Number of protein chains: 2
Amino acid sequence: MGLTSEDIERLDEIVKRTRPLHRGDFLFRDGDRFRSLYVVKTGSVKTFAPSPEGGEQVLGFHLPGEIIGLDAIDKDQHACSAKVLETSAICEIPFQRLEELTSAIPSLQHQMYRLLSKEIGHDTDMLLLLGKKNAEERLAAFLLSLSQRLHKRGLSPSDFYLSMSRHEIGNYLGLAVETVSRLFTRFQDDGLMRVDRKHIELLDLPALEALVGGNGQGRRQNQQR
Amino acid sequence: MGLTSEDIERLDEIVKRTRPLHRGDFLFRDGDRFRSLYVVKTGSVKTFAPSPEGGEQVLGFHLPGEIIGLDAIDKDQHACSAKVLETSAICEIPFQRLEELTSAIPSLQHQMYRLLSKEIGHDTDMLLLLGKKNAEERLAAFLLSLSQRLHKRGLSPSDFYLSMSRHEIGNYLGLAVETVSRLFTRFQDDGLMRVDRKHIELLDLPALEALVGGNGQGRRQNQQR
DNA sequence: TGGTCGTGTTGATCTGGATCAAATATCCTC
DNA sequence: GAGGATATTTGATCCAGATCAACACGACCA
């Protein structure tokens, strides 16, 4: 990424490795002072924000290689909580130190801008998903997203375990638990995947992609074409 | 914001003022190479992304003081289009130049991080809105958001014109045009606001806030409490 | 003055997915 | 390994909001 090995070393110096965290542990809670970004090394983390009615909105599931906490820079305070879904190794990067480093290393600064920008892009994708896609498309998109992200880390794109509950999946996708459950059943019946508890096998990636893509016509066809 | 007048001047030097743009003009289209960020001085702009089915998702409406294009840094290419909604004055900031400047001015770099982070925060709010709120709450939130943003720029928080169509509002909020129209009528009947064509008068801000806030119970109560 | 087009409103109907209700299946805890 | 709490699944019903279908305005123009 345009960083010299010396740069990498300097970056490496400010990263704190914490001992493994376990299911249910918090990286931070909403309202906490913002100090660090976190990077998932192994395991998974969910972030979620309280909604005014007392419920919560799951904002994302974070897999190895992904960064958490970027939304807190603005207000210097976390607006969401991050909870570990399974035993995980997480790195902590004190933001103050990182910021100093990025001032000194232009290519690192550029990477930071890209990282923040990429996060906006993800959110945009979610907006499209929540605004325009039906239940089936949402779940297919979710499964494919997991698949692709795991694959990027060298893991199997078609055989993996879900570390989150159906409840959390539903919350994330704006669907009721029951709908998620029914869709898993339907997808299995249709030969798209095999589901056993938390264990997922995607049998027909192309078909799932077609579902997300453009064949099905979204929520009928809602709004502007 | 921790910038000296000299800093401001250097920043000012790289900003391009373009002649006024008119309704329908594009700042950029999705797929365009990313070169600059844009800041609305007066008027308004909508950004929207194509959805696979051929429709589009309105991603945001941008009012004076707001910045456009941050999502394109990552891929060095725009993933959405930006269209002017009414005669508007827009500033262009070549990103390359800005990036050089932020390397030299730490407080400006910090502002950039905050800006990007804030954008993520906005998107997060929208996710919550689309994922957990019903039609009524969405429209109330939309109106209040406009109100607050206009007020921040010294304009009336309760009396303004909508530069976007009902269609665009619906698309943005994940609602059908008809629903938006009906809600305007209902809000008016309930004495919350006065609507005349594009002209809006908010008569009862507190009541609107209550609608968004926590009294109504969202989409019933959906998902986790 | 009348016609056409785009936008907005209003009414009737339909439906995807939420809710409600129950029956399992898993998971802990001691 | 029994017993209670939690998660998941499945079935029945309901309803907010989408869709379908007219109709009402302007705005603009010939």
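The sequence lines fix the lettering, A, B, ..., with proteins before strands; numbering per chain opens at 1. In this text the structure is predicted, and so the values were computed from the model without any measurement.
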Can you measure Asn171(A) atom CG to dA7(D) atom P for me and round it to whole angstrom units? 13 Å

Check the distance between dG17(D)'s P and Lys132(B)'s NZ and give it to me in whole angstrom. 15 Å

So, using salt bridge (Lys or Arg N to Asp or Glu O under 4.0 Å) as the criterion, who are the partners of Asp12(A) when residues are at least two apart? Arg17(A)

Just by distance, with hydrogens left out, do Ser51(A) and Gln57(A) show a side-chain donor and acceptor under 3.5 Å apart? no

Nucleotide dT26(C), atom C1' - distance to CG of Asp196(A) in whole Å: 12 Å

Mark up nucleotides 5-11 of chain C, 5' to 3', with B wherever a protein heavy atom is under 4.0 angstrom from a base atom, S wherever such an atom reaches only the sugar-phosphate, and - elsewhere. ---SBBB

Rounded off to whole Å, could you give me the CG-to-P distance for the Asn134(B) and dT19(C) pair? 11 Å

Once you build an axis from the first five pairs and another from the last five of the helix from dT1(C)-dA30(D) to dC30(C)-dG1(D), how far apart in angle are they, to 10 degrees? 40°

Test of understanding: with side chain to side chain contact (heavy atoms under 4.5 Å, CB included), list the residues that count as partners of Ala72(A), not counting sequence neighbours. Phe34(A), His78(A)

Residues which pass salt bridge (Lys or Arg N to Asp or Glu O under 4.0 Å) with Arg149(A), listed by chain and number, not counting sequence neighbours: Glu66(A)

Does any non-hydrogen side-chain atom of Leu162(A) lie less than 4.5 Å from one of Ile169(A)? yes

Leu175(A) atom CG is separated from dT19(C) atom C1', nearest whole Å, by 14 Å

Whole-Å distance separating the CG atom of Leu139(B) from the C1' atom of dG17(D): 14 Å

May I ask you to decide if Lys75(B)'s main-chain N or O and Lys118(A)'s side chain share a donor-acceptor pair within less than 3.5 Å? no

Ion pair present between Lys46(A) and Glu56(A), side-chain N to carboxylate O less than 4.0 angstrom? yes

Within the side chain of Thr18(B), is there an N or O that forms a donor-acceptor pair under 3.5 Å with the backbone of Ile90(B)? yes

To the nearest angstrom, the CG-C1' distance between Leu183(A) and dA18(C) comes to 13 Å

Summary of salt bridge (Lys or Arg N to Asp or Glu O under 4.0 Å) pairs that have at least one residue in residues 25-40 of chain A, sequence neighbours excluded: Arg33(A)-Asp76(A)

Atom-pair distance (CD on Glu86(A); P on dC27(C)), nearest Å: 15 Å

